[in-house]
Amino acid sequence: MTFHAASREALAAAELRLLELVDATTDADELSTLGEELFSVVSLLTAQPQLRRALGDSSSDRAGREQLVKGLLSGQVSAGTLQVLVAVVTSKWSSPRELVDGVESLAQTALLVRAERDNRLDAVEDELFRLGRIVAGSQNFELVLSDHSVEPARKVELVDSLLAGKVEPVTKTLVDQLVREPRGAHVVDGLMRLADLAAKRRERSVAHVRSAVELSAEQQERLSATLTRIYSRPIALHVEVDASLAGGLLIKIGDEVIDGSVAGRLAALRRDLAG
């Protein structure tokens with residue numbers, strides 16, 4: 001999710017209001033309600049381009065935008081959700097599209113804070129990552145979820161049949177929304193981004209590790225400790241087995257790639273010989 005300068009400032013202001021509400025909330029269920037209601041607003045704005053443009057038009061009267069959102073949603077959402085939305089629509093966004101992206105980001109933050117409060121953030125991160133690998137590994141499943149002719153409700157049903165009773169409630173809500181409203185994102189990419197957001201919430205970086213063989217828990221701990229020393233910050237591992245590497249590891253942290261695989265070394269040798 002990329003924001004231009006004005007939208008970054010608008011999102012920061014809305015996040016501040018959101019976090020003020022979070023700090024004042026002792027009932028974790030209210031955080032789930034906040035996230036779910038914000039997701040409902042994302043769906044509403046996605047389906048109603050005229051409304052989206054009206055609320056995202058920074059050249060229009062700010063008070064008018066506030067009055068519009070209050071008139072539309074008062075009594076339909078909780079007081080906290082409405083306060084966050086007022087902060088959203090009274091800010092200047094680079095485009096209506098980025099306003100909707102901002103509301104989606106706020107919903108995700110509210111739900112991840114809920115998981116954090118429940119000490120389940122690790123589980124949510126792991127479930128999102130694992131589901132991303134499952135979808136990526138099943139061509140038919142990924143095709144159905146990417147097929148615009150399949151009704152969103154049917155896609156949610158399909159995912160729920162896989163997740164029912166097996167994942168955290170926060171994971172299910174995040175995944176259901178992604179499947180229902182991908183908003184141009186591929187499902188696998190969306191799941192990976194959500195897993196990264198969960199990791200970032202815990203203030204650590206994520207190393208995406210591809211290994212030619214399964215790594216034991218002890219090997220993963222050693223690798224995490226080594227990367228933590230190298231980068232001077234905690235590093236979380238997301239590990240997947242990739243037999244095509246022939247041996248070794250391929251590690252990606254942000255834009256940096258550490259290629260210690262046999263396949264990577266052979267590719268580098270071929271490039272050198274070709275040069």
Side-chain angles (χ1 to χ4, degrees), residues 1-117 152 170 173-185 190 193-194 196-198 200-201:
M1 206 176 284
T2 303
F3 293 98
H4 292 90
S7 293
R8 285 197 298 270
E9 291 180 14
L11 180 58
E15 281 179 340
L16 182 61
R17 187 70 196 101
L18 175 70
L19 294 175
E20 286 171 354
L21 288 169
V22 166
D23 289 341
T25 298
T26 56
D27 184 353
D29 287 341
E30 290 183 16
L31 298 177
S32 293
T33 298
L34 179 57
E36 290 165 6
E37 289 180 344
L38 288 171
F39 272 149
S40 295
V41 173
V42 170
S43 298
L44 173 67
L45 296 178
T46 301
Q48 299 287 337
Q50 189 173 354
L51 177 61
R52 182 171 69 243
R53 287 192 293 270
L55 293 175
D57 181 6
S58 298
S59 65
S60 66
D61 177 53
R62 193 176 149 169
R65 299 198 302 273
E66 178 176 349
Q67 185 177 6
L68 176 59
V69 79
K70 284 182 173 178
L72 184 67
L73 295 175
S74 289
Q76 304 299 313
V77 298
S78 66
T81 300
L82 191 58
Q83 288 178 44
V84 172
L85 290 169
V86 167
V88 168
V89 302
T90 54
S91 296
K92 292 184 69 173
W93 295 83
S94 301
S95 69
R97 164 77 193 211
E98 290 188 17
L99 179 147
V100 183
D101 288 344
V103 176
E104 184 177 60
S105 175
L106 293 166
Q108 292 163 350
T109 297
L111 290 164
L112 291 174
V113 170
R114 166 66 198 262
E116 189 175 34
R117 287 267 182 99
V170 165
T173 302
L174 289 168
V175 174
D176 281 355
Q177 178 66 19
L178 175 64
V179 170
R180 187 184 296 111
E181 297 283 353
R183 305 188 59 246
R193 192 182 70 79
L194 286 170
D196 284 351
L197 283 176
K200 185 179 178 183
R201 183 79 206 162

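What's counted below: heavy atoms across the whole structure, side chains too, no hydrogens, waters or symmetry copies.
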Just to verify, which of Leu51, Val88, Val86 counts as forming a side chain to side chain contact (heavy atoms under 4.5 Å, CB included) with Val69? Val86
How many angstroms lie between CG in Leu55 and CG in Leu72, if you round to the nearest 0.5 Å? 7.5 Å
Do Val113 and Leu18 have side chains that approach each other closer than 4.5 Å (heavy atoms only, starting at C-beta)? no
Between Glu98 and His4 (side chain of the first, backbone of the second, donor and acceptor by atom type, cut-off under 3.5 Å), is there such a pair? yes
Any side-chain heavy atom of Phe39 sitting closer than 4.5 Å to one from Leu111? yes
If only atom types and distance count, is the side chain of Arg52 paired as donor or acceptor with the main-chain N or O of Thr46 below 3.5 Å? yes
Of all heavy-atom pairs linking Lys92 and Ala10, the shortest is O-CB, 3.5 Å
Passing candidate, side-chain hydrogen bond (donor to acceptor under 3.5 Å, both in side chains) with Thr81, options Glu37, Glu30, Glu36: Glu37
Does Leu174 reach the side chain of Leu112, with side-chain heavy atoms less than 4.5 Å apart? yes
At their closest point, which heavy atom of Ser105 faces which heavy atom of Glu15, and how far apart are they? OG-OE2, 4.2 Å
d(Gln83 CD, Leu85 CG) to nearest 0.5 Å is 10.5 Å
Can you check whether Arg65 reaches Arg62 side chain to side chain, under 4.5 Å on heavy atoms? yes
Taking every non-hydrogen atom, the tightest pair across Ser58 and Ser91: OG-O, 4.2 Å
Leu45 vs Leu99, test: side-chain contact (heavy atoms from CB on, under 4.5 Å). Steps then yes/no. CA-CA 10 Å; Leu45 296 178; Leu99 179 147; 3.9 Å; yes
Minimum heavy-atom distance Leu11-Phe3, with the two atoms named: CD2-CE1, 3.7 Å
Does some side-chain heavy atom of Leu34 sit less than 4.5 Å from a side-chain heavy atom of Thr25? no
Do Ser94 and Arg8 have side chains that get closer than 4.5 Å, going by heavy atoms? no
Interatomic distance, CG@Leu19 vs OG1@Thr109, rounded to 0.5 Å, equals 7.5 Å
Between Val89 and Leu68, does the side-chain contact (heavy atoms from CB on, under 4.5 Å) criterion hold? Intermediate values first, please. CA-CA 9 Å; Val89 302; Leu68 176 59; over 6 Å; no
Between Lys200 and Asp196, is a salt bridge (Lys or Arg N to Asp or Glu O under 4.0 Å) present by the stated rule, with each step listed? CA-CA 6 Å; Lys200 185 179 178 183; Asp196 284 351; over 6 Å; no
CD-NZ distance between Gln67 and Lys70, expressed to the nearest 0.5 angstrom: 9.0 Å
Heavy-atom nearest pair, Ala14 first then Leu106, reads CB-CD1, 3.7 Å
When you measure from the side chain of Arg180 to the backbone N and O of Pro152, does any donor-acceptor pair fall under 3.5 Å? no
Got more than 12 heavy atoms from elsewhere within 6.0 Å of CD, Glu20? yes
Return yes if some donor-acceptor pair links the side-chain N/O of Arg17 with the main-chain N/O of Val84 below 3.5 Å, else return no. no
Rounded at 0.5 Å granularity, tell me how far OG in Ser32 sits from CZ in Arg117. 11.0 Å
If we ignore hydrogens and angles and just use 3.5 Å, is the side chain of Thr90 paired with the main-chain N or O of Glu66 as donor and acceptor? no
Identify the two heavy atoms, one from Arg201 and one from Glu116, that lie closest to each other, and give their separation to 0.1 Å. NE-OE1, 3.0 Å
So Asp101 and Arg183, do their side chains get closer than 4.5 Å, heavy atoms only? yes
